[in-house]
Amino acid sequence: MIKLEGIEKSFGNNHVLRGVDLTVNTGEVVSIIGASGSGKSTFLRTINFLERADAGKITLDDICVDAANADKKDILALCRNTAMVFQSYNLFQHRTALENVMEALTIVQKKPVQEARAIAEEQLRRVGLSDRMNYYPHQLSGGQQQRVGIARALAINPKVMLLDEPTSALDPEMVGGVLDVIRSIADQGLTMIIVTHEMAFARDVSDRVAFFADGNIVESGTPEDIFVNTREARTKDFLKHMLAR
């Protein structure tokens, strides 16, 4: 289980996160939806300290961290148990798909090269890239690069996977394949928090959906609660706009 309590974040005078609370149970998939600028991605990035929250508490199983006062040991403990999939892939351009996946295993986890290679090969096969392991990023489509990013995240065996708009940088014809990979991982019971603008995907893959606005969760519930039995006017307006696109 991961529990986030009272997460606050400001950039200067811009109060981006306003005391966000969210609990995600083990094996649960929670999608976060909302307009651009509502704080979704910032919230996701505070979970593994890509952005340090100004206040709040993060609990992941037996790890409990005061976000504002976390030291390097606390941050490392969270980072070792979470993995981020970025919207812009963030691959090393001078390394092959296989080497990109091996990087954290050898550098951070200090695994022997042969063990890291075996794990990386397994995860690349898992995302359908067994025939692209020795390709460089510039030789791969956007969808294939994102699948390398997913394999890299899976390789460290995280307790929680964080996905930040994983299809937003893709051409439309590439989106479906990446979403299928994410869906298959979710079906295997990995705890996931997904920031997404793909409403049909969020409805299909999620155990719960949280609607973000003005730096906080306005409404959350099952996909049926959010997409069918919507309570809040702001959620209704957002979904009306998104589903009309």
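In this text, all values refer to a predicted model and were calculated from it rather than measured experimentally.
Remark: the backbone N or O of L17 is paired with a side-chain donor or acceptor of H15 at under 3.5 angstrom. Side-chain atoms of D207 come within 3.5 Å of backbone N or O of V29 as a donor-acceptor pair. For the pair Q87 (side chain) and S168 (backbone), a donor-acceptor distance under 3.5 Å is absent. When atom types are taken as modelled, the side chain of R132 and the backbone of V148 share no donor-acceptor pair closer than 3.5 angstrom. Of the possible donor and acceptor atoms, one in the side chain of D54 sits under 3.5 Å from a partner among the backbone N and O of S10. Under the 3.5 Å distance criterion, the side-chain polar atoms of S206 are left unmatched by any main-chain donor or acceptor of R203. Of the possible polar contacts, one joining the Q144 side chain to the S141 backbone as a donor-acceptor pair under 3.5 Å is found. In this structure a side-chain-to-backbone donor-acceptor pair under 3.5 Å is present from D71 to D74. The closest donor-acceptor contact from the side chain of K40 to the backbone of G34 lies under 3.5 Å. Side chain of S38 to main chain of G215: no donor-acceptor pair is present (N/O by atom type, distance under 3.5 Å, no hydrogens or angles).
In this structure, P158 and T82 have side chains that are not in contact, with every pair of non-hydrogen atoms separated by 4.5 Å or more. Residues D66 and K57 are not in side-chain contact: their nearest non-hydrogen atoms beyond the backbone lie 4.5 Å or more apart. For the pair T222 and I226, the minimum side-chain heavy-atom distance is 4.5 Å or more. Between N229 and E224 the shortest side-chain heavy-atom distance falls below 4.5 Å. Put simply, the side chain of R117 reaches to within 4.5 Å of the side chain of E121, judged on heavy atoms. Under the 4.5 Å side-chain criterion, counting only non-hydrogen atoms from C-beta, F43 is not in contact with V16. Contact check for F86 versus L91: no side-chain heavy atoms found under the 4.5 Å cut-off. Residues I33 and V209 are in side-chain contact: their nearest non-hydrogen atoms beyond the backbone lie under 4.5 Å apart.
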Are F227 and L239 close enough, and set up right, to give a side-chain contact (heavy atoms from CB on, under 4.5 Å), and what steps lead you there? CA-CA 8 Å; F227 292 101; L239 291 174; 3.5 Å; yes
Working for side-chain hydrogen bond (donor to acceptor under 3.5 Å, both in side chains), residues N25 and T23: CA-CA 6 Å; N25 295 316; T23 298; over 6 Å; no
Evaluate the salt bridge (Lys or Arg N to Asp or Glu O under 4.0 Å) criterion for residues R45 and D164: first the C-alpha distance (whole Å), next the side-chain angles of each, then the deciding distance (0.1 Å), finally the verdict. CA-CA 9 Å; R45 291 169 66 86; D164 185 14; 5.2 Å; no
What verdict does the side-chain contact (heavy atoms from CB on, under 4.5 Å) test give for I32 and T196, after you've listed the backbone C-alpha separation in whole Å, the side-chain angles of each residue and the deciding distance to 0.1 Å? CA-CA 6 Å; I32 298 175; T196 183; over 6 Å; no
side-chain contact (heavy atoms from CB on, under 4.5 Å) between D180 and R183, worked out: CA-CA 5 Å; D180 286 344; R183 188 179 288 106; 2.8 Å; yes
Derivation and outcome, side-chain contact (heavy atoms from CB on, under 4.5 Å), residues R152 and N100: CA-CA 7 Å; R152 177 181 57 190; N100 266 281; 4.3 Å; yes
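In the hydrophobic cluster analysis, where Ile, Leu, Val, Met, Phe, Trp and Tyr join through side-chain heavy atoms closer than 4.5 angstrom, I75 is grouped together with L44. In terms of hydrophobic clustering, with Ile, Leu, Val, Met, Phe, Trp and Tyr side chains grouped at heavy-atom distances under 4.5 Å, L98 and L154 are assigned to a common cluster. Cluster membership for L170 and V127, using ILVMFWY side-chain heavy atoms within less than 4.5 angstrom, is shared. Residues I150 and Y136 fall into different hydrophobic clusters, defined by Ile, Leu, Val, Met, Phe, Trp and Tyr side chains chained together at heavy-atom separations under 4.5 Å. With hydrophobic clusters built from ILVMFWY side chains whose heavy atoms lie under 4.5 angstrom apart, I193 does not share a cluster with F201.
Considering V160, T59, L60 in turn, L60 is the only one that fulfils the side chain to side chain contact (heavy atoms under 4.5 Å, CB included) rule with L78. Screening N216, D21, T46, L22 against I7 for a side chain to side chain contact (heavy atoms under 4.5 Å, CB included) leaves a single residue, T46. Each of V24, V30, L163 was compared with M192 under the side chain to side chain contact (heavy atoms under 4.5 Å, CB included) criterion, and only L163 meets it.
Taking the charged nitrogens against the carboxylate oxygens, E28 and R208 do have a contact shorter than 4.0 Å, which makes a salt bridge. Here E103 pairs with R95 in a salt bridge; the nearest charged N to carboxylate O distance falls below 4.0 Å. Salt bridge present: D214 and R234 bring a charged side-chain N and a carboxylate O closer than 4.0 Å.
Using cut-offs of 30° and 60° on the angle between ring planes, the pair F92 and H94 is perpendicular.
The two residues S41 and V195 have their closest heavy-atom pair at OG-CG1, 4.1 Å. Of all heavy-atom pairs between C79 and N48, the closest is SG-O, 3.4 Å. Annotation for P137 and Q93: closest pair CB-OE1, 3.4 Å, computed over non-hydrogen atoms. When all heavy atoms of M102 and A120 are compared, the pair lying nearest together is CG-CB, 3.6 Å. Across all non-hydrogen atoms, the minimal contact from I63 to A77 is CD1-O, 3.7 Å.
H197 and E165 are linked by a side-chain donor-acceptor pair at a separation below 3.5 angstrom, with hydrogens and angles left out of the test. Side-chain polar atoms of T235 and E219 form a donor-acceptor pair below 3.5 angstrom. Under the 3.5 Å distance criterion, with hydrogens and angles disregarded, no donor-acceptor pair is assigned to the side chains of S184 and D187.
The environment of R126 atom CZ is dense: over 12 non-hydrogen atoms of other residues, nucleotides or ligands sit within 6.0 angstrom. Under a cut-off of 6.0 angstrom, the local environment of NZ in K159 is crowded, with over 12 non-hydrogen atoms contributed by other residues, nucleotides or ligands. Other residues, nucleotides and ligands contribute over 12 non-hydrogen atoms within 6.0 Å of the CD atom of Q139.
Atom NE2 in H241 sits 10.0 Å away from atom CE in M199 (nearest 0.5 Å). Atoms CG and CG, from L129 and L124 in turn, are 6.0 Å apart once rounded to the nearest 0.5 Å. Note that the OG1 atom of T96 and the CG atom of L140 stand 9.5 Å from one another [nearest 0.5 Å]. Distance check, rounded to the nearest 0.5 Å: CD of E232 to CG of D237 gives 11.0 Å. In this structure, CZ on F211 lies 12.0 Å from OG on S220, to the nearest 0.5 angstrom. Rounding to the nearest 0.5 Å places CG of L162 at 6.5 Å from CD1 of I2.
By the 6.0 Å and 45° rule, K9 stacks over the aromatic ring of F11.
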